[in-house]
Structure formats: structure tokens, C-alpha cells
Number of protein chains: 4
Amino acid sequence: MPRSSSPSRRKQPRQQRAQATCDAILTAAARLLVRDGYEATSTNRIAEEAGVSIGSLYQYYPNKEGLVLAVLEQHGSRWLTEFDAGLKELAPAPLGVAVPSIIHHILTLKRLHPQLDSLRYALLPVLRPLGHVDTFEQQLFRLVRVFLAARLDEIRPRELDMAVFIIVHTLEALCHAAGVDRPDYLTNDAFPNELCVLVLGYLSLSPAPLGHPPRKAAATRRKYEQ
Amino acid sequence: MPRSSSPSRRKQPRQQRAQATCDAILTAAARLLVRDGYEATSTNRIAEEAGVSIGSLYQYYPNKEGLVLAVLEQHGSRWLTEFDAGLKELAPAPLGVAVPSIIHHILTLKRLHPQLDSLRYALLPVLRPLGHVDTFEQQLFRLVRVFLAARLDEIRPRELDMAVFIIVHTLEALCHAAGVDRPDYLTNDAFPNELCVLVLGYLSLSPAPLGHPPRKAAATRRKYEQ
Amino acid sequence: MPRSSSPSRRKQPRQQRAQATCDAILTAAARLLVRDGYEATSTNRIAEEAGVSIGSLYQYYPNKEGLVLAVLEQHGSRWLTEFDAGLKELAPAPLGVAVPSIIHHILTLKRLHPQLDSLRYALLPVLRPLGHVDTFEQQLFRLVRVFLAARLDEIRPRELDMAVFIIVHTLEALCHAAGVDRPDYLTNDAFPNELCVLVLGYLSLSPAPLGHPPRKAAATRRKYEQ
Amino acid sequence: MPRSSSPSRRKQPRQQRAQATCDAILTAAARLLVRDGYEATSTNRIAEEAGVSIGSLYQYYPNKEGLVLAVLEQHGSRWLTEFDAGLKELAPAPLGVAVPSIIHHILTLKRLHPQLDSLRYALLPVLRPLGHVDTFEQQLFRLVRVFLAARLDEIRPRELDMAVFIIVHTLEALCHAAGVDRPDYLTNDAFPNELCVLVLGYLSLSPAPLGHPPRKAAATRRKYEQ
DNA sequence: TATGAATGAGTGTTCATTCAT
DNA sequence: AATGAATGAACACTCATTCAT
């Protein structure tokens, strides 16, 4: 069971055919990982599912871990791109507008790829100790930190790092748990509203913005857009 | 790799010697699981570490998964016992007193067995799909639900199940993440205070009790004991 | 012959059945190594040939290299035992008696296990760099050194280590080469006689053709240019 | 792992560029073989090191073995050329002059390319059984035979082939062993002198160390038991 | 009750080689 | 002439589990 300490790529495909092979492997790996989990997914099975030989798989990915990291990285970076885009749109919005919007956005993203998303959430911590630098979490922290830093006068917490830690982990865990245990929470109105109360209640200065607990994100938005 | 769908026990030890064997296996399994993780821990290695033969191990536990579940159940039920005891003491306390106390209690428990605790948090979800009914989470939910149900007049959320879901997952995730990524958070004052703000801000009736963000749990307690 | 604390063993067999398994594996390995060579011999094939499962093989030998070393060690230590016995018998004999006898003995041993012997000669140097201490060669050197040291007044060389080096490597190489390329040399009279001339000519005191052993090639040249 | 039985060349390069490719492959192969050994050196790695594609490698060499043979042949034929030149210079010299000179020459060659030299010595026997005719050894035997045949009146052995066999294998083995285990022997004076004693003692006419060269070990024994 | 020898399907991975471009 | 994507048989090795003793 040899294992090199190299990253998730071994060789860059130079021909178009090779790129197609790479993609097929990545897609097959994602499908099997979601279906069977990390340990039950074998590289031989992935190659078979992708319709390529096992040798081709190892031509582009250094080992199983590297391949799985590539899957997670691809998904993670796409997620971050979309999340960042959402944040950028909300750059000028006040906290009470931005937070509900962000939560709505996160839940939408969750509904788009619930399984890959959960896979990343569950797998990255397991793969991390094996030498990987968790770029995804670092980037997410940075984005949220920038968001909060721009609203220092609107928020209560003074220790930004801790606030970021709390908000990110809370939202990630709740979205993940909802996706796994309560899919209905992802498609009703109450859950996002509760998340807004949770996050805004934590961030807001007093008097808290909870005077009239909003029933819907829409309501909240209206309220702060006046 | 046959796998029976049976629970975590195969046979009840009837002699004292047998009980000692069972315990030795459980202890060894816990140690190795914490040190090496689930997949890297083999049943043969556990038997060796416990000083018993592999045959004895399979006399008391139906398979690897069952053995690991037994480890997690033992730890989980001990945790629940202590947590429940804490809750019972706080039965008459108002929310603003009880929550800081509970959070303090949870963090204390976390500091006592950080590794086994994290193991349970990370492993139960992985083992669950394999046929296990997550008794731990069910019991925890029930305890917290009872706690909240006794304070319906003090809290805002009307959907108790969702509130339990949010609070339990939030606190579990944050304590776990702190233990793994920020051990310093487990031993400073700021972190529990922030958790109190988070939970109380979420649960409290408006106008929120956050007018003067408390610097310490002590401060919070005083405030609510008026 | 003392056993080296072996990197070639994983577990000691405790039951008789296990010892039989170990022996079967060793025997099968020797047979296949002789027939196919190191690289062409696979552990799976060895297990099959031994009539045991591959798992049993790895229960007693840590890896392919360890297994092969066990084969070579077994053969090497048997060889050394017999060689040592021969030396001991000749302890009181003068050089001119002992050397022919030893050479005769060595060639007899070679004829008994020509293939295993050649295998050891060819394989140990390849396996050595992988961390193995070449006990066989060390022991052989020591035995021969003791033999020569007891005859200091009968031999010319003053640097014993170099003399041992030369004699051991010469005889090993010639016996090996004869076994491989000229099996007829192992069974005629001329070859052992020539070996005697070679060794005695090298060891003996004058009257040698080199009455005044030259310190330099230049000296030699002068002598013969007269 | 198909393997053709063809020799070490597949196709003659016709363009200058092709010749450069061939040379680059040969050079890279030699470097990697010396560094990593035969089995650890892969053809893909050789092509990469040579800066050519794997396809080009197989355009000029039929398989891995053929390529390695080409490396060894190149080195072997260069060695033979230099050795032959040395022999020619010594054509008129008497044995006592020629032998020390030759030994000096051999050790000098050894010091020039110790690794490639050892590689050839260790590898040719392994590759030979796979169908290769060992031209190197045949040529070396012929050269030494011619050398001895010109000095029949100066030497004792009557069976020239056996004498050649003994001398060639002895010197090869001792030089190789010195290069591997005792590099200091290659650069001091004592070692070559001892080699001279060994070889001249073996070849020289009487007064031999064995006044009456024994026809049998038994004869020898009788002589010394008087 | 306890032992530990035995199993073998299955894993991740390599590498000599081919062939379409 | 040169490329490099693709192949897949084969390898060393693991480990959950069984069962004769």
C-alpha cells in the first residue's frame, strides 16, 4: 500500500483525449464516493466505472487519496466560487439583509449538490491529517472574515477570528446535518429563518434585530431594504 | 468480509474472567481507535493489544463494527449520564442561568475525554448507515427537548424539534471543531461566552437579552439571576 | 551457529501445524527461487506451491525479502555448520594438508546443493543493501581468519584480513562460476588440484617464485627484466 | 509483459538526430541503472531522464532487457578495447613483468568506472539466462588465452582453458569485491601486490610452492603427513 | 472458555509495452 | 521520426473472520 506524499495531480494531460480521460475518472470517482463512501470505493472500481484502465487512472492521479482530494478540490473550489460571487453581490448590503441572503444562497447550493457537499464535509477532515493543507476551509474563513471586517460597526463580536470560527462551523454543521437527517429542512421556510435568527442574534449589536422575529427571509429583507 | 447485521454484543460473559476479557478488549479498542483511526485499527491488532486471542474477541463481539459501536456506546452512555446529571441539577434554573452552566459543563466533559469524544462525533455518522440506530443522538435530543419543553414560556422558538436540532448540532460541531482545530478555545473564557450569546440569542424571547454583551459566564449568570 | 535476531521472521509458530506450514513455505520458496530467480518468484506463487494461503505466508514472514532472507539464512547457516565442522577436524593439520582437504570439502558441499548455493552467492549481495547485515560472509571471514591465525608461522601474508578477503572471495567465485558455467570442473580431479596450487601458492612461505615479495609492481618488473 | 527474443537493437538510427536520441537513452539508462539497480529502473523513467518519449525508446530498443544489454555491451566493449590495448603493449614482456602490469591496469580501469563495472559484473549473469550469449566473457577469455598461449614455456598449467577460467574469474571477483566492500584496497599498494603473488604463484613454473604438483588431494595429503 | 493457525477475496499500485496521432 | 495516452496482467500485501484444537 505505497503512498507518496505528493499532491492530487501527477501529470498534466496534454491532449484532448487525455483531458476527457481525466474528467471521466473524476466523475466516476465522485459518483462512487457518494454512493459507497471512501473506504468502500476502490481505485480499480473507479477506473472500471470511468471506462478506462487502472493504469490510466494512475497516470493522472498519484494514488487514491490524491484522486479523492482532486474530486473534493474541484467541488470545493466550485462551491467557493459561487459562494464568493454571492458575497460580492451583497458587499454593500447591511448585515440584516446580507445574512438572510447568504443563508438562502448556502441552502440553495446545498440543494444543488447535497451528496458531494456532504462528502466534502465528512471527508476533508479525515484526509487532512494525511498531509493535506485544507485550502477550502482556509479560503472560506478568509471570505467570511472579510465580510465581517467590512461591518465592524454593525456587529458585536470583537474577536473576529472566533466569530468566523463560530459562524462557519455552525452553518456548515447545520446544513450538513439537515441534508443528511432532515432533508425537509432544506426546502421549508422555517429552517432558514431560524438560521437567520441564530446568526443575527449572535452577530448583532444591541438592541438586537430580533424585535420582531422575522418569519421569512423575504420579510427580513424587506424590513432592511426600506 | 462477512458482516452480520446484529448489534454490538454477541454473547454475555458469565464468568468474571470473561468480563475482564471483554473490558480489556474494549479498552484496547478505544486506545487504538483514538490513536490510529477506524480504518487503520484492525481486530487482530486490538486482540493483541488487549492480550487476548483473536478468537476471544469474536466470541464477545460479532464483528469489527459491533466492537467499535460497543466502544462508542460505552463512552456515549457515560457522557449522557453525566450530561443528564448536569441537566437535572439545573432543572429549576431559568434559561439564562442554565445555558451558561450547561455550556460550561459540556466544555468540561470535552476536556476530560477530548479524543474519545471526537471519535464518537466523527465515527457514529459513518457507522450509522451500516444499520445502526443512533441511540446516542436520539437520547441527547430527548434530553434537550425535555429541557426546552420545561421553559416554553422563556423561549422564542415554537418548533421545538427544530430548535433542538439546531442547538444540539451547533454545540456538538463547535465543541468538536474547537477540540480539533483550536484547543485553546476549550480553555479560555471568551469561547464559552460566545457560545452563550449564540444559544441565548437564538432561544430568547425578544427583546433580546443581549443589550450588554457579557464578558464572562459569571456576568451572564448574574444578569439572569436578578 | 547462533541465529541472528532476524528481520526475516514475523511470528514464531507455536503449534506443530504452524511449524509445518513455515517449513512448507520455506521449501517452496527455495524451489521457486532456484527455478525462476528472485524477481520472477512471487509470494502468491510461493504460497500456492507450498499449498498454503497467501495469508499464512505473511503470518510468518514480514515480506518477500524477509522470506527470501530466511531461505538464504537457513541454507547459509547449514553450510557454515558443515564447513565449520570440516575446519575443526583439520585444526591440527599443517597448511599443506588442510588446504586440499578444505577445498575438497567445499566442492563436495557445492555438489550437494549447487543451486541453493549459487542462489545465496548471487542474491545476498542484492538483498544486502536493503538493510541486511550479511552475517554469512562475516562468519565465514571469521572462521577463515581463525584458521589462518593459527598458522601464522606457515604462511607468508602478514595482513590477515586481506588474505582472508582474497582467499574467501577467490574460492567462492571459482566454485560458483564452476557450478554455473563448468559443472564438469566440480567432478574432475584437475580443478581441485589447481585450486590447491592457487591457494597454497598464495599462502605458502618461500621457496616461492617471488622470494622477495615486491612492494611495487616496479620491483617485480625489475626482477624479471634481468 | 511481452518479451521478444531479439537482441539489443531494434532499428538502426539513420539520421543524426536519431543517433543523438539513441545516445541519450543509453546514457540515461546507465545513470539510472547505476543509481537504482536493474529492477528499480523502469523504461518510462529512462525515457523521461533521457528527455525522449517512451515511444522513441521502443523504436530503438526491443525491450528493457535489450536496452540494458546495449548499455552493458557498450561499456564492456570499451573495457575490452582498453584491456586489449594494455595486453598488446605487453606482448613481448615476460610473465613476471606482464602480470603486475596487467593487474595494475585492471585496477586502474576499475577506478575509472567502478559503478558501471560492478553493474556489468553483477548484471550480465542475471541477464544471460534470458537468451543472451555472453560475448564479453568469451572475448575476455580469448584475450587471456592468447596471452597465456604465447608463454607456454613460462607457465606451469597445461590445461589452458582451466587456467584462463581460474585467472579471469579470480581477478574479476576480487576487483569487484574490493570495489564494493573495500574501496581502500583499490588505492593501496598491498592489494595489487597480493594479486600478483596470487596469480604468479599459480602460473609460475617451479620452484613452485608445491615441489611436485599433486595430482590429487590425496597425494598432497600424503606428502605433508610424512 | 480460550487459542491461534488458517483463510482468500480484495486492495492500491507498477510498469513493460502498444499504437493512434 | 517522434509523441504520449492507454493498456491490463501482475504484484506485494492486509485483514475481517472461521474453526479445529
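Sequence lines set the chain letters: A, B, ... in the order given, protein chains first and strands last, and positions in each chain run from 1.
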Problem - Residues touching DNA chain F, which here means a heavy atom under 4.0 Å, drawn from residues 40-57 of chain A - result: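 Close to the strand are A/V52, A/S53, A/I54, A/G55, A/S56.
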Problem - Closest listed nucleotide, where the reference is the side chain of C/Q59 and the choices are E/dA5, F/dT7, F/dT17 - result: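 Of the candidates, E/dA5 comes closest.
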Practice task
Check every atom of F/dA16, E/dA5, E/dT17 against the side chain of B/K64 and return the nucleotide holding the closest atom.
Solution key: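 Among F/dA16, E/dA5, E/dT17, the one nearest the side chain of B/K64 is F/dA16.
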Are the side chains of [Y] and [X] in contact, using a 4.5 Å heavy-atom criterion?
X      : Y      : value
C/S118 : C/Q115 : no
D/L32  : D/R45  : yes
A/V180 : B/P125 : no
D/L127 : D/Y38  : yes

Problem - Nearest-0.5 Å distance that lies between atom CD1 in B/I25 and atom CG in B/L67 - result: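 B/I25 atom CD1 to B/L67 atom CG measures 7.5 Å (nearest 0.5 Å).
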Problem - Presence of C/Y58 side-chain N/O under 4.0 Å of F/dT14 phosphate oxygens OP1/OP2 - result: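 No, outside the criterion.
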Over how many whole Å does the gap from [X] atom [atom1] to [N] atom [atom2] extend?
X     : N      : atom1 : atom2 : value
B/E39 : F/dA16 : CD    : C1'   : 12 Å
A/N63 : E/dT11 : CG    : C1'   : 13 Å
C/D36 : F/dA10 : CG    : C1'   : 15 Å
C/Y60 : F/dT14 : OH    : C1'   : 16 Å
B/L67 : F/dA16 : CG    : P     : 10 Å
D/Y61 : E/dC15 : OH    : P     : 21 Å

Which residues satisfy the side chain to side chain contact (heavy atoms under 4.5 Å, CB included) test with [X], sequence neighbours excluded?
X     : value
D/S77 : none
A/Q74 : A/L26, A/R78
C/S56 : C/T21, C/V52, C/S53

Problem - Secondary-structure stems for DNA chain F, with pairs counted as Watson-Crick or G-U when both distances are under 3.5 Å and runs at least 3 long - result: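 As far as DNA chain F goes, consecutive pairing (with distances under 3.5 Å) yields the stems E:2-21 with F:2-21.
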Problem - Near-strand residues of residues 18-27 of chain C, defined as heavy-atom separation under 4.0 angstrom from DNA chain E - result: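 Contacting residues: C/A18, C/T21.
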Practice task
Enumerate the residue pairs fulfilling salt bridge (charged side-chain N to carboxylate O under 4.0 Å, His left out) with a member in residues 20-44 of chain C, sequence neighbours excluded, ordered by first and then second residue.
Solution key: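 Every salt bridge (charged side-chain N to carboxylate O under 4.0 Å, His left out) pair that includes a residue of residues 20-44 of chain C, provided the two are not neighbours, is C/R31-C/E49.
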Exercise for the section: Only pairs at least two apart or in different chains count here, so list each ring pair (Phe, Tyr, Trp, His ring centres under 6.0 Å) that has a residue in residues 51-70 of chain C. Expected result: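 Pairs touching residues 51-70 of chain C that pass the test: none.
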Problem - Qualifying residues under ring pair (Phe, Tyr, Trp, His ring centres under 6.0 Å), relative to D/Y121, sequence neighbours excluded - result: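 In terms of ring pair (Phe, Tyr, Trp, His ring centres under 6.0 Å), with neighbours along the sequence ignored, D/Y121 is linked to D/H176.
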